[in-house]
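Beneath this line is the structure, given in structure tokens, with notes to follow.
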Amino acid sequence: MTIEELKKYNGRNGSKAYIAYKNVVYDVTQSPLWQEGEHEGLHYAGEDLTIQLSGAPHGEEVFKNFPVVDTLEAYESQNSTISSLPWTFKMKVERWYQKYHPHPMTVHFPIALHLFAAGLDLLFLYDQKEAYALSVFYTFLVATIMGFVAMIPGILSWCVNYNLSTYPPFIIKLIVSILTLILGILNIGIYLENPDIVYSSSAFGIIYHGIVLLTGLSVIVLGYYGGKITWGDHSKMKTGQTIKDIHENEGILLKIPEEKNELLKQQDHQGLAILIGGAAGSGIDTIEKILSEAFKAYGYYVFSTKEFMSRVRGGSNSTLIRISDTPVHAPCWKVDVSIAMDEASLEHMQERWRSDTLVFADMEYSHNMPDIIPVEMKESAKKFGDLRYINTYMAGFVFGLLKLEKRALLESIGNHLKDDTLNVQVADEGYGAGTNVENITVAKLPQNNKQIMENLHLMDGTTASGFGFLAGGCNMVTSYPMSPSTGVLNFMASCSEKFTIIVEQSEDEIASLNMVLGGWYAGARAMTTTSGGGFALMGEALSLSGMTETPAVIYLAQRPGPATGLPTRSEQGDLNMAIYSGHGPFERIILAPGTLEECIECGYLAFELADRYQIPVIFLSDQHLADSMSTIGQIDFSAFEQHRYIIESDKAYKRYAETEDGISPRSVPGLGEGLVCSVSDEHDEVGQITEDHETRVRMIDKRSRRREMLHANAILPKISGNGNIAIIGWGSTYSAIEEALSLLDDPHLCHVHFSWVHPLGEKQLQVLEAYERKFVVENNADGIFADQLKLHGIKVDDMILQYNGFEFFADELAIMIENAVKEW
Amino acid sequence: MQNIFERENVDVAWCPGCGNFGILKLIKEVLEDLAVPKQQIVMVSGIGQAAKTPYYVDTNMFGGLHGRALPVATAIKAANPELTVIAEGGDGDMYGEGGNHFLHTIRRNPDIIHIVHNNMVYGLTKGQASPTSQQGFITKVQVSGVSNEPFNPLGVALSLKAGFVSRVNIGNYAHAKEVVKAAFIHRGYALVDIFQPCVTFNKINTYQWFKENTYILDDTYDHTDFDKAIKKAFETMPMPLGIIYQDKEHHATFEEHLRGKDTRPLYQTQHDLSKIQELFNGY
């Protein structure tokens with residue numbers, strides 16, 4: 001089987017538990033050590049444990065006991081480089097410590113000795129022989145010393161293996177063992193002061209015997225909780241329930257690492273997450289817009305995103321809306337409320353439910369899922385004459401369910417739907433149905449604050465990018481439509497009536513970029529919008545931009561390839577193409593914004609930089625960033641100074657005049673007395689074709705001289721956190737990493753975000769030197785940016801990659817980061 | 001007196017006797033006759049022997065990629081409608097590599113002059129068939145002769161309702177000059193397909209061959225009659241020369257459609273930042 005298939009056998013919820021070791025798959029379902037697919041709370045079924053075994057206190061002999069079920073197909077392991085990477089001394093010590101567990105090894109001595117001392121003391125109390133008294137004392141003495149010996153590695157284990165967890169058994173053990181030690185020392189003192197005290201019934205005599213007997217009991221308590229930590233708390237477990245469920249029900253916040261993973265799934269995100277599923281064309285887009293705007297107007301921070309199939313009708317799509325009282329910019333995988341607008345979406349959304357997710361579906365939908373709350377959505381929509389009213393009905397339902405004032409919702413409907421009177425009625429009815437849902441309370445309902453939200457703007461990455469390009473003075477857009485880049489083309493076209501902007505849909509992407517070059521050559525600020533496949537067609541024109549030193553701006557919204565790939569899904573897979581596309585040596589800049597603010601900033605900068613340096617600038621976005629909506633604060637557009645880096649030519653004008661910084665003053669035809677000659681052949685200063693080998697070298701050197709300026713002016717990575725472990729991301733991963741790190745709340749972790757991804761200069765790379773370990777998070781299969789870092793001599797310890805067509809979800813990413821970091 | 005469009009210190013790369021020399025001379029003379037300041041003219045070309053023409057004319061030029069002159073020229077005209085924009089190249093460049101742009105530029109109708117040197121062979125790559133090569137033409141690649149139907153630029157342009165469709169033979173210099181001048185004066189997209197022999201790689205379609213297989217349309221031909229034009233476009237052996245079709249009515253050009261009466265070069269325009277602010281605040 002493949003590693004993907006193996007993952008299904010995780011031993012949870014009644015499935016079989018398989019593990020792999022050295023390409024062999026074993027069935028551990030029957031093993032009492034693998035209940036619910038977990039071993040020691042550290043290892044999980046459904047995984048390849050080859051690497052993990054090296055850190056285990058036992059060897060591979062244990063696998064002999066399990067039936068072999070299959071072999072594991074070779075796969076690209078993200079951890080395969082571990083052994084080849086140099087380790088710091090500290091890491092080696094930690095690794096050694098985790099493997100040998102000195103605490104379980106030493107802890108048995110004091111337990112046995114204290115119990116032995118207590119037993120002997122009982123004997124002494126019955127028959128007061130001197131031999132007993134001496135034996136009691138010396139056993140007690142050694143027990144106390146050994147207790148101290150066991151405590152040191154115990155505390156170390158608590159730090160190293162369990163990350164100072166406040167899980168109650170740890171705290172109990174800590175308190176009890178310290179008390180045992182103090183009492184032990186006290187008792188030894190009492191005895192040494194006067195050994196005859198053992199025969200007396202004075203207060204000290206009673207205390208002495210009391211302590212000997214009490215420590216006998218305290219080590220039982222220590223052993224009991226030690227067992228709980230090692231073997232887990234199975235005592236209260238019912239079938240199908242995991243240890244986490246129990247603690248959750250008891251309201252205990254777990255913070256031990258091995259259980260934190262599950263904990264995150266349960267308590268993964270701030271605010272409330274609502275997932276709405278339905279077919280394409282069923283109005284799921286409309287409900288997203290209506291609800292997002294309504295929630296914002298009501299006073300919530302809003303984030304919404306959609307995942308959809310590449311089809312206009314049918315299929316199964318979903319939209320996620322998160323509302324919160326703190327800013328929220330990333331998606332989460334698990335949701336609190338899930339609404340199925342059609343039957344198929346139930347199954348589609350199922351994997352995103354937790355045990356406590358509230359799921360609503362029409363009563364007519366057939367399914368065999370338990371705990372689905374029926375809603376009369378279809379019948380109600382039909383009453384209004386059209387099944388398509390389900391979306392407005394359910395928008396009303398959600399508002400009713402959350403018991404929010406409906407005014408914000410009804411206004412939003414008025415803003416988005418033409419036929420608003422009927423739609424308002426439908427929503428009102430849905431609202432009524434929502435408020436009437438009994439016995440259900442939606443937990444975690446955030447606090448609203450209308451005042452704050454009034455000063456924020458709700459938009460998607462597409463729109464924010466568009467505002468950046470507008471601010472950059474873009475006045476020509478020539479594009480061939482291609483998902484997910486078309487939104488910017490639409491936005492710019494919608495602006496072309498208010499602003500002087502030429503928008504033309506070209507016959508192909510080759511024409512697009514050639515038109516962009518024609519536009520810049522004649523003095524326009526032109527751009528094209530495309531995705532990977534279209535950009536592939538632009539390679540030659542990109543090279544022409546390089547050769548003729550004609551600026552160009554390319555908005556490249558990535559989607560998963562190769563070829564048509566997954567047209568409506570997300571990936572950061574085109575970075576290599578953006579860096580290397582086009583033949584011959586020439587400079588370029590690649591910007592990859594991660595937030596709405598950065599979209600605006602990079603959009604503006606793209607034009608500024610292209611114009612200033614006379615090179616192509618690629619603005620790298622992706623489906624996730626383009627299509628996700630959230631809030632952005634006030635932007636002062638008057639701060640975006642409008643420059644034009646063109647000069648009036650004189651009679652002797654030379655387009656490619658040699659200059660110190662390699663940038664020749666750029667003029668345009670008709671501006672001045674001179675002529676502007678640009679050619680794709682190698683040329684001299686005038687722009688006349690030449691094959692003179694010396695001129696060739698001079699021209700290449702001239703064109704590449706600006707590299708230093710690019711390095712000097714590169715945007716430095718944005719850093720959040722003070723830890724010494726860098727979680728490095730670029731582009732659209734920004735918000736997911738930010739939220740994941742805030743969920744993990746680990747002071748060792750630090751987010752380093754690159755929005756200027758090429759060319760990488762010394763100043764940017766120096767930033768990374770401060771970090772002891774470096775993990776790169778990328779939404780692609782190859783770790784393209786990590787490769788770029790390696791190429792520049794940066795040591796990357798490991799990569800966290802996802803390439804299933806989805807963007808990173810904050811809750812899942814937190815687990816991935818934690819696991820990757822834990823490996824070390 | 002020397003033509004003011006004569007470019008100094010250039011080393012012309014064409015073979016002696018090439019038909020391109022005639023076209024170069026013709027272009028320079030027409031430009032001088034029209035008295036357009038050279039700073040206001042942009043010649044755009046792709047790659048090929050014909051596409052080298054702009055290197056030898058003293059005006060602004062953008063020598064781009066093979067087949068891609070038309071999108072560049074269209075954008076230049078849109079970015080600055082005050083410029084006179086010429087797209088020039090050969091049959092392989094414009095009809096082969098750039099065939100798709102040929103179709104869609106006609107549909108856009110930018111006010112540019114499209115000059116195509118048609119010698120029915122590839123010169124720069126040394127003698128392969130071009131889209132307009134006659135059937136049976138033997139080359140090192142088409143070893144048993146060209147089997148493809150020759151591309152008919154006039155028929156294609158007419159099918160897309162091009163406003164000005166013409167063909168000339170550089171062997172009939174005076175006639176050719178007259179038609180090219182009319183193309184410059186036409187407002188909107190104007191195609192001039194110029195027959196021109198390649199003396200090195202095409203031993204079939206020579207000066208003599210073009211002379212024998214073409215005829216000049218006389219005054220009785222009404223070049224505003226679309227139906228007749230369609231017929232003429234498909235005539236072969238001999239092939240008609242002259243303005244095959246010119247639309248009597250003016251149709252809005254690409255740049256007029258996009259910009260209306262605003263002919264300011266785009267480098268003179270700036271967005272009103274307060275309008276951007278207003279738009280943003282509406283979100």
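Side chains included, hydrogens not; waters and symmetry mates left out as well; all remaining heavy atoms used. In the text below, chain A, chain B and the rest are named by the order of the sequence lines, each starting its count at 1.
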Point to revise | Contact class of A:S512 relative to chain B, heavy atoms under 4.5 angstrom | key: neither

Exercise for review: Could you look at B:L65 and say if it's the side chain, the backbone, both or neither that has a heavy atom under 4.5 Å from chain A?
Suggested key: both

Exercise for review: Mind ranking A:L470, A:T550, A:L513 by heavy-atom pairs under 4.5 Å with chain B and telling me who comes out on top?
Suggested key: A:L470

Practice item. Determine the option with the most heavy-atom pairs under 4.5 angstrom with chain A, choosing from B:A78, B:G46, B:P71, B:G98. Key: B:P71

Practice item. Show your reasoning for whether side-chain contact (heavy atoms from CB on, under 4.5 Å) applies to B:M61 and A:Q688. Key: CA-CA 10 Å; B:M61 70 162 168; A:Q688 191 68 20; 4.0 Å; yes

Check your understanding: Among all residues two or more places apart in sequence or in another chain, which pass the salt bridge (Lys or Arg N to Asp or Glu O under 4.0 Å) test with B:D193?
Key -> B:R167

Review point. For chain A, which residues from residues 264-283 of chain B have at least one heavy atom closer than 4.5 Å to it?
Key: B:R264, B:L266, B:Y267, B:T269, B:Q270, B:H271, B:D272, B:L273, B:K275, B:I276, B:Q277, B:L279, B:F280, B:N281, B:Y283

Check your understanding: Side chain, backbone, both or neither: which part of A:E641 has an atom under 4.5 Å from a heavy atom of chain B?
Key -> neither

Exercise for review: Between chain A and each of B:I41, B:V85, B:L70, B:T59, count heavy-atom pairs under 4.5 Å; write down the option with the most.
Suggested key: B:T59

Review point. Could you name the residues of residues 183-190 of chain B that have a heavy atom within less than 4.5 Å of a heavy atom in chain A?
Key: none

**Study point:** Non-hydrogen side-chain atoms of B:V44 and A:Y521 separated by less than 4.5 Å
**Key:** no

Check your understanding: Counting only heavy atoms not in B:H251, do more than 12 sit closer than 6.0 Å to its NE2 atom?
Key -> yes

Point to revise | A:L671 versus chain B, the contacting section by heavy-atom distance below 4.5 Å | key: both

Review point. Between B:R108 and A:E504, is the closest basic N to carboxylate O distance under 4.0 Å?
Key: yes

Review point. Are there more than 12 heavy atoms of other residues, nucleotides or ligands under 6.0 Å from atom CD of B:Q2?
Key: yes

**Study point:** Largest heavy-atom contact set with chain B, pairs under 4.5 Å, which of A:H683, A:R525, A:Q634
**Key:** A:Q634

Point to revise | Portion of A:A526 that has a non-hydrogen atom of chain B nearer than 4.5 angstrom | key: neither

Point to revise | Engaged part of A:M515 at the chain B interface, taking heavy atoms whose separation is under 4.5 Å | key: both

Exercise for review: Answer whether the closest heavy-atom distance between the side chains of A:P669 and B:N80 falls below 4.5 Å.
Suggested key: no

Check your understanding: For the atom pair CZ (B:F62) and CG (A:L544), what is the distance rounded to the nearest 0.5 Å?
Key -> 4.5 Å

Practice item. Check the surroundings of atom OH in A:Y480: do more than 12 heavy atoms from other residues, nucleotides or ligands lie under 6.0 Å from it? Key: no

Review point. If you take all heavy atoms of A:G519 and B:A79, which pair is closest and at what distance?
Key: O-CB, 4.0 Å

Check your understanding: Picking from A:T478, A:T463, A:I600, A:V503, which has the most non-hydrogen pairs under 4.5 angstrom with chain B?
Key -> A:T463

Practice item. Would you indicate whether B:K161, at its atom NZ, is surrounded by more than 12 heavy atoms from other residues, nucleotides or ligands within a distance under 6.0 Å? Key: no

Check your understanding: What closest approach, in Å, do A:D681 and B:I47 show between heavy atoms, and which atom pair accounts for it?
Key -> OD1-CD1, 4.3 Å

Point to revise | Reported CZ-to-CG distance for the pair A:R655 and B:N60, which is rounded to 0.5 angstrom | key: 12.0 Å

Review point. Side chain, backbone, both or neither: which part of B:L258 has a heavy atom under 4.5 Å from chain A?
Key: side chain

Point to revise | Winner by heavy-atom pair count (cut-off under 4.5 Å) against chain B, out of A:S638, A:G518, A:C474 | key: A:G518

Exercise for review: Identify which of A:V516, A:L458, A:I635, A:V668 forms the greatest number of heavy-atom pairs closer than 4.5 Å to chain B.
Suggested key: A:I635

**Study point:** A:I689 CD1 to B:K52 NZ distance, which is reported to the nearest 0.5 Å
**Key:** 6.0 Å

Review point. Are more than 12 heavy atoms from other residues, nucleotides or ligands located less than 6.0 Å from atom NZ of A:K654?
Key: no

Practice item. Could you tell me whether the side chain of B:H101 reaches within less than 4.5 Å of the side chain of A:D508, counting heavy atoms only? Key: yes

Exercise for review: Could you check if a side-chain atom of A:E507 sits within less than 4.5 angstrom of a side-chain atom of B:R107, using non-hydrogen atoms only?
Suggested key: no

Exercise for review: Could you check which of A:G674, A:S543, A:S678 has the highest count of heavy-atom pairs closer than 4.5 Å to chain B?
Suggested key: A:S678

**Study point:** Separation of A:C677 SG from B:D58 CG (nearest 0.5 Å)
**Key:** 7.5 Å

Exercise for review: Go through the structure and list residues passing salt bridge (Lys or Arg N to Asp or Glu O under 4.0 Å) with A:E293, not counting sequence neighbours.
Suggested key: none

Point to revise | Contacting moiety of B:D11, where chain A heavy atoms sit under 4.5 Å | key: neither

